[in-house]
Amino acid sequence: MTRMPGFLQSRLTRRQILISSVLGAVASTVTPVFARDVVHDEMTLFMSLSRFATGHDSLDSQVGQALLADMRERDSRLIVRLEALETLIRDGGYQNVEEAEPPLRGREGHALLMTLIKAWYAGILSDGTNAKVYAFEKALMYQPARDAVVIPTFAHNGPNYWVAAPPPVETMPVF
């Protein structure tokens with residue numbers, strides 16, 4: 001007869017099996033909720049700081065999610081840095097970015113604040129030919145004159161021109 005290892009020799013009671021099953025079920029339910037709350041809190045923090053940095057309350061949350069995901073991929077300490085920036089702003093009692101920027105120059109959070117501003121206004125996080133565009137027509141730099149100036153593009157009628165119905169053809173062109 002082969003001898004079993006010590007941990008297999010002890011028998012589990014029905015009560016222990018039931019308790020471990022219930023704990024496992026609770027853990028599998030609570031963990032995703034907790035993870036979702038953490039992601040939600042990170043997004044809330046990111047969007048709050050983005051609104052402060054840009055001075056705009058109606059930022060697109062899908063653009064925000066994409067920016068946050070890329071920034072997290074580039075910087076493993078991003079959330080810690082965002083929390084530190086939020087603390088600097090709160091402790092300084094700054095009401096807007098114009099008030100906060102001069103005292104933050106040369107401090108840890110200044111570069112992050114400038115990155116947020118650039119990301120939302122230009123719609124990109126990096127420069128160069130391989131830069132990924134997160135917001136083109138929703139980039140904040142185009143919004144003030146949007147009613148009078150076409151967003152620069154190679155598409156003749158502007159970005160996403162194909163979603164609108166084309167004008168009717170009154171006379172058939174001859175080629």
Side-chain angles (χ1 to χ4, degrees), residues 29-168:
T29 304
V30 172
T31 302
V33 170
F34 176 73
R36 202 171 30 244
D37 288 345
V38 169
V39 170
H40 175 73
D41 289 344
E42 291 174 358
M43 184 64 181
T44 301
L45 172 65
F46 180 79
M47 292 302 287
S48 174
L49 285 171
S50 294
R51 284 190 289 277
F52 179 84
T54 62
H56 291 274
D57 289 331
S58 57
L59 299 174
D60 187 284
S61 62
Q62 288 181 324
V63 172
Q65 288 173 345
L67 289 171
L68 176 59
D70 191 7
M71 289 176 74
R72 285 192 76 192
E73 192 174 300
R74 294 167 186 247
D75 181 1
S76 61
R77 296 190 63 244
L78 177 69
I79 301 306
V80 172
R81 294 178 59 226
L82 287 171
E83 289 169 344
L85 177 59
E86 180 188 42
T87 300
L88 284 173
I89 292 168
R90 185 181 55 245
D91 291 351
Y94 307 119
Q95 299 301 307
N96 56 53
V97 71
E98 288 83 10
E99 200 177 288
E101 194 271 333
L104 292 179
R105 282 187 203 143
R107 295 179 78 177
E108 175 86 23
H110 188 262
L112 182 56
L113 182 65
M114 294 296 108
T115 298
L116 287 173
I117 293 169
K118 176 184 178 179
W120 284 102
Y121 272 88
I124 59 173
L125 285 170
S126 59
D127 297 321
T129 56
N130 293 325
K132 185 173 179 182
V133 178
Y134 294 94
F136 180 63
E137 67 179 303
K138 294 179 182 180
L140 294 179
M141 68 180 168
Y142 298 125
Q143 301 315 307
R146 188 177 180 110
D147 62 337
V149 179
V150 174
I151 297 172
T153 180
F154 290 108
H156 178 65
N157 292 330
N160 294 334
Y161 70 93
W162 56 87
V163 297

Quiz item: Only one of Leu112, Ile79, Leu82 clears side-chain contact (heavy atoms from CB on, under 4.5 Å) with Met71; which?
Solution: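 Exactly one pass, corresponding to Leu112.
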For the student: nearest non-hydrogen atoms of [X] and [Y], plus distance:
X      : Y      : result
Ala53  : Val97  : O-CG1, 3.5 Å
Val63  : Ala135 : CG1-CB, 3.9 Å
Asp60  : Trp120 : O-CH2, 3.4 Å
Ala139 : Tyr121 : CB-O, 3.4 Å
Ile124 : Tyr134 : CA-CD1, 4.3 Å
Ala100 : Pro103 : O-CD, 3.1 Å

Exercise. Take Leu125 and Lys132 through the test side chain to side chain contact (heavy atoms under 4.5 Å, CB included) and record every step on the way to the result.
Key: CA-CA 7 Å; Leu125 285 170; Lys132 185 173 179 182; over 6 Å; no
Quiz item: Salt-bridged, Asp75 to Arg81, with N to O below 4.0 Å?
Solution: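 The answer is yes: the pair qualifies as a salt bridge.
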Rounded at 0.5 Å granularity, tell me how far [atom1] in [X] sits from [atom2] in [Y].
X      : Y      : atom1 : atom2 : value
Gln62  : Lys138 : CD    : NZ    : 6.0 Å
Glu83  : Leu78  : CD    : CG    : 9.5 Å
Leu45  : Glu86  : CG    : CD    : 5.0 Å
Asn96  : Thr54  : CG    : OG1   : 11.5 Å
Leu113 : His110 : CG    : NE2   : 6.5 Å

Quiz item: Please walk me through it: do Leu140 and Ile117 pass side chain to side chain contact (heavy atoms under 4.5 Å, CB included)?
Solution: CA-CA 9 Å; Leu140 294 179; Ile117 293 169; over 6 Å; no
Quiz item: Ignoring hydrogens and geometry, is there a side-chain-to-backbone donor-acceptor pair from Thr115 to Ala111 under 3.5 Å?
Solution: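 Confirmed, Thr115 side chain pairs with Ala111 backbone.
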Self-check item: Short side-chain to backbone donor-acceptor contact, Glu101 and Glu99, under 3.5 Å
Solution: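 Between the backbone of Glu99 and the side chain of Glu101 there is no qualifying donor-acceptor contact (under 3.5 Å).
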Quiz item: Counting only heavy atoms not in Arg74, do more than 12 sit closer than 6.0 Å to its CZ atom?
Solution: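 Result for CZ/Arg74: enclosed.
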Exercise. Could you please spell out the steps behind the side chain to side chain contact (heavy atoms under 4.5 Å, CB included) verdict for Thr87 and Arg90?
Key: CA-CA 5 Å; Thr87 300; Arg90 185 181 55 245; 3.5 Å; yes
Quiz item: Between Asp127 and Lys118, is any pair of side-chain heavy atoms under 4.5 Å apart?
Solution: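 Heavy-atom side-chain distance check passes, below 4.5 Å.
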Quiz item: Does the side chain to side chain contact (heavy atoms under 4.5 Å, CB included) test come out yes or no for Phe52 and Leu116, once each step is laid out?
Solution: CA-CA 10 Å; Phe52 179 84; Leu116 287 173; over 6 Å; no
